[in-house]
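Worksheet: the structure to be examined is printed underneath.
Bear in mind the structure is a predicted one, so any value in this text is a computation, not a measurement.
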Amino acid sequence: EANGEGDKRKRFIAATAANYFGLDPAVGPAALAAGLYRRPELANFLDDGNEFLLVVQHSGTQLTASNKIEATDSRNNVLVFFKLRPDVITEDNLHSNILVSSMLDSPIYTLYQAVRQVFAPVLLKDERWSKTFDPKLQKLLSELEAGLSTALRRSDPNYTGTKLSEDDVRAILTPTDEFQFWIECARHGSKWCSKERASHFKDLFEDIAKDYYNLDSLSLFEVVDLVETTKDTVDGVWRQTEHDPYPQPRMHNLLDVIGGSLGRYVQRKLAALNLWEDAFHSVKENLKAGMLICEQWVSACEYLTGQLWQRYTLHPWKNEKYFPESLAKLGKRLDEVLTVRTLHEKLTFFLPPGEQNSLHLAQVFEPFAGLNPVHCNPYTEPLWKAAVSQYERIIAPAEQKIASKLKKFISEIQDSPQQLLQTFQKYKELIKHPNISKELLFERETLIMSTDFETRCHGVPGDVSGPLSGKNLSEVVNNIVWVRQLELKVDDAIKLAEALLSDLPGFQTFHRSTDSFLEQLKVYEQEQFDDWSRNIQSELSNPKSGLCIQANSPVMELDHIFGTLNILYSDRLVTLLREVRQLSALGFAIPAKIQHVANTAQKFCKQAVILKQVAHFYNSIDQQMIESQKPMMLQSALAFEQIIKHSKSGPGGKAHITWDNPRELEVYIQKLQAAAERLSTENRKLRKWHTNFIEKVISLMNIDLLRQQQRWKGGLQELRTGFCSIFTVFFFHFFPSFQDNMNNK
């Protein structure tokens with residue numbers, strides 16, 4: 001044992017190091033002895049109470065040792081053994097006096113992770129330790145963690161030991177780290193990023209930064225919305241053109257840490273539930289929300305990096321698309337959990353309590369005891385599959401009974417394709433389970449042969465029956481919305497068929513038929529949009545179409561032949577705005593020429609609506625006046641008309657007011673509205689007086705002059721007083737200077 005093989009202390013050090021560096025145990029202690037046992041540094045650490053440190057590294061096939069940590073550019077991992085007390089190491093104190101730590105990349109990085117992952121949570125959050133830990137020290141520990149994080153994010157070679165660039169993301173472990181990175185860069189700047197550029201990215205991330213910082217305070221349903229906002233935010237960051245583009249390695253890492261953050265959040269939220277025993281409705285809603293979070297982010301990453309950004313020529317995404325595999329697997333696991341719970345719920349619904357007890361349905365979740373269903377990784381996957389397999393064996397007898405019940409029920413309605421389809425949809429979760437699916441082979445074949453099932457969504461666009469008219473939808477938008485609804489129905493049919501009928505011989509024929517029909521719908525939809533685009537662009541070249549609004553054109557004109565006021569903003573423009581908005585929402589790319597016209601029209605839409613209301617009032621006010629009262633309103637009507645006739649701007653009032661002069665247009669609109677309001681108010685007053693006089697005259701006609709002379713005189717006096725009042729009002733209205741003179745006297 002001259003080489004030290006019998007020394008338990010050396011075996012402990014060698015075995016720990018060999019396990020850490022992943023050395024093959026089959027090599028044996030002899031090979032380790034050659035590289036480590038004879039090292040004087042090992043003997044010094046074990047036998048000298050004054051030697052506190054042993055540093056072990058892996059070099060080739062050897063383990064080397066040192067009694068000090070040396071600064072090096074090597075990326076090799078380092079394993080550090082150090083003593084708690086200045087004692088000689090013996091077999092008795094071997095496990096109580098030696099601490100073991102590893103070091104990756106740099107001392108700063110290792111210290112940061114140790115503080116963040118180990119010591120800060122224990123000393124700041126654990127109730128037992130935080131109570132006795134000095135608040136000043138707690139603050140210092142928090143500041144140390146924040147300072148180390150900042151040092152790493154700045155990628156300073158003095159801290160990391162390596163020459164790094166903006167692409168280095170080793171310190172970015174969460175979305176908040178990335179947001180904080182740009183905040184610090186905006187504050188301090190760096191040699192590879194200006195403060196302005198960093199500030200721009202900081203501002204772009206601002207919409208989501210607060211939500212990710214407080215992620216655990218949000219509900220699952222709020223995070224579903226956050227995923228959509230996050231997709232829009234990272235898209236804006238990638239496609240911004242104000243500054244140098246966002247580096248792809250950095251964006252790749254950001255997409256990854258966002259996915260990781262969302263996955264861990266979903267796991268934490270669902271871990272708070274008992275997924276096997278809590279109320280089915282609650283479990284179902286939470287699982288669906290969790291699945292939606294996973295599916296939406298997976299879909300967003302695939303769409304952005306696989307389609308949208310790869311086609312973005314100013315900053316294309318290179319290489320393969322990014323796929324958040326772990327999040328996709330978590331979503332799949334949640335779906336499997338929901339399937340298990342749903343199947344159990346359907347079984348208990350279908351079977352009476354007596355049969356449930358005899359089939360032991362209350363114990364079906366026992367295989368999952370001790371297994372956390374939301375922990376999804378290669379090590380838990382075999383355990384999960386084994387539990388599901390055992391669960392399926394337990395419910396097999398119950399499935400046999402249900403299959404018999406469904407057979408009997410379906411046999412009674414098989415002549416009604418619509419009822420048959422509804423039944424399969426209602427019990428889809430049961431029927432798609434292998435055991436029940438096998439028992440209902442004949443019934444499923446009946447469904448796929450049903451002409452109603454195959455054609456229930458079919459309807460040729462343009463048929464006499466045609467699409468139903470939607471409110472505030474133009475013909476083209478209405479047709480496209482109708483086709484989209486048909487596509488959804490066909491998709492539902494395909495999904496139902498894939499879930500229940502994919503193993504049947506007729507499935508492929510059915511699938512080809514539905515695919516062909518879907519293609520017809522998509523072609524029709526595109527044709528509708530293309531026809532609309534061509535028609536609009538044709539109208540744009542026709543000055544009389546009503547779509548050719550120019551910013552420097554007059555806002556209105558007075559037709560001297562018919563005396564009508566016309567606003568030079570056609571109703572066709574209003575319709576175009578609505579169509580562009582609706583078609584954009586449906587995902588169509590509006591041609592640039594049409595979009596430009598729509599943008600111009602949108603600028604003046606608000607003023608045009610107000611002017612149209614004034615014009616309608618002007619064109620219809622004579623119909624609202626009582627013929628005999630028109631002379632009494634002449635002055636106000638002329639004042640209103642003068643404002644319209646003299647709609648000029650500029651020095652001397654030589655030029656017409658145009659759309660591109662918003663300040664003058666706003667002042668002019670206010671004048672028009674004020675004049676219209678005066679005219680309208682006078683008309684209402686006169687009509688009210690007229691109505692009152694009519695009522696009083698009718699009242700007088702019903703008075704007996706011989707018997708009720710006093711009442712007649714009273715009514716007559718009221719009429720005279722009324723006439724006098726109205727005369728006074730309108731006299732001073734027509735001659736305001738007379739009233740001023742009276743007031744002065």
Taking atom [atom1] of [X] as the centre, does the number of heavy atoms from other residues, nucleotides or ligands within less than 6.0 Å exceed 12?
| X | atom1 | result |
| --- | --- | --- |
| Tyr303 | OH | no |
| Glu320 | CD | no |
| Phe221 | CZ | yes |

Pairing residues for [X] by the side chain to side chain contact (heavy atoms under 4.5 Å, CB included) criterion, not counting sequence neighbours:
| X | result |
| --- | --- |
| Lys318 | Gln248 |
| Asp225 | none |
| Ala17 | Phe21, Val56, Leu63, Leu79 |
| Lys346 | Thr342, Glu429, Leu430 |

Measuring from [X]:[atom1] to [Y]:[atom2], what's the distance to the nearest 0.5 Å?
| X | Y | atom1 | atom2 | value |
| --- | --- | --- | --- | --- |
| Phe81 | Leu42 | CZ | CG | 9.0 Å |
| Ile258 | Leu226 | CD1 | CG | 9.0 Å |
| Glu336 | Cys376 | CD | SG | 8.0 Å |
| Lys202 | Gln180 | NZ | CD | 10.5 Å |
| Ile183 | Cys185 | CD1 | SG | 10.5 Å |
| Thr230 | Leu255 | OG1 | CG | 10.5 Å |

**Report entry** side-chain contact (heavy atoms from CB on, under 4.5 Å) assessment of Glu242 paired with Glu196
**Finding:** CA-CA 10 Å; Glu242 288 85 347; Glu196 292 76 15; over 6 Å; no
Report task. Just do the side-chain contact (heavy atoms from CB on, under 4.5 Å) check on Asp211 and Glu222 with the steps written out, would you? Result -> CA-CA 10 Å; Asp211 286 331; Glu222 288 172 324; over 6 Å; no
[X] side chain vs [Y] backbone, donor-acceptor pair below 3.5 Å:
| X | Y | answer |
| --- | --- | --- |
| Arg239 | His315 | no |
| Thr233 | Thr229 | yes |
| Arg341 | Lys284 | no |
| Asp278 | Asn274 | yes |
| Asp177 | Thr174 | yes |
| Gln267 | Val374 | yes |
| Gln310 | Asn319 | yes |
| Ser282 | Ala279 | no |
| Ser389 | Lys385 | no |
| Asn19 | Ala15 | yes |

Non-neighbouring partners of [X] that pass ring-ring contact (aromatic ring centres under 6.0 Å, His included), sequence neighbours left out:
| X | answer |
| --- | --- |
| Phe368 | Trp276, Trp384, Tyr391 |
| Trp317 | Trp238, Trp309 |
| Tyr246 | Trp182, Phe201 |
| His95 | Phe12 |

Would you say the side chain of [Y] lies within less than 4.5 Å of the side chain of [X], judging by non-hydrogen atoms?
| X | Y | result |
| --- | --- | --- |
| Leu53 | Ile69 | yes |
| Leu46 | Leu54 | no |
| Lys269 | Asn286 | no |
| Leu338 | Met291 | yes |
| Gln390 | Arg393 | yes |
| Asn97 | Leu84 | yes |
| Ser96 | Arg85 | yes |
| Val237 | Met251 | yes |

Where [X] and [Y] come nearest, the two heavy atoms and their spacing:
| X | Y | result |
| --- | --- | --- |
| Cys294 | Leu334 | SG-CD1, 4.5 Å |
| Pro373 | Leu275 | CG-CD1, 3.6 Å |
| Val257 | Ile172 | CG1-O, 3.6 Å |
| Cys301 | Thr305 | O-OG1, 2.6 Å |
| Ser261 | Leu215 | OG-CD2, 3.6 Å |
| His243 | Gln240 | N-OE1, 3.0 Å |

Query raised in the report: Taking only residues two or more places apart in sequence, or in another chain, which ones meet Lys288 in a side chain to side chain donor-acceptor pair (under 3.5 Å)?
Result: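 Counting only residues at least two positions away or on another chain, Lys288 forms no side chain to side chain donor-acceptor pair (under 3.5 Å).
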Query raised in the report: Residues two or more places apart in sequence or in another chain: which of them pass side chain to side chain donor-acceptor pair (under 3.5 Å) with Asn93?
Result: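 For Asn93 the side chain to side chain donor-acceptor pair (under 3.5 Å) partners, ignoring immediate neighbours, are Thr90.
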Report task. Could you name each residue pair satisfying ring pair (Phe, Tyr, Trp, His ring centres under 6.0 Å) that touches residues 321-340, not counting sequence neighbours? Result ->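 Listed once each, the pairs are His252-Tyr322.
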Requested in this report: Answer yes or no: is there an ion pair linking Glu381 with Arg333, defined by an N-O contact shorter than 4.0 Å?
Outcome: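 Yes, Glu381 and Arg333 are salt-bridged.
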Report task. Could you please spell out the steps behind the side-chain contact (heavy atoms from CB on, under 4.5 Å) verdict for Asp335 and Thr339? Result -> CA-CA 6 Å; Asp335 186 38; Thr339 299; 4.1 Å; yes
Requested in this report: Begin from the C-alpha positions of Tyr265 and Leu220 and carry the test side-chain contact (heavy atoms from CB on, under 4.5 Å) through to its verdict.
Outcome: CA-CA 9 Å; Tyr265 163 82; Leu220 283 163; 3.7 Å; yes
Query - Selection residues 41-50 - residue pairs positive for side chain to side chain donor-acceptor pair (under 3.5 Å), sequence neighbours left out - result: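 Qualifying pairs, neighbours excluded: Arg9-Asp47, Arg39-Glu41.
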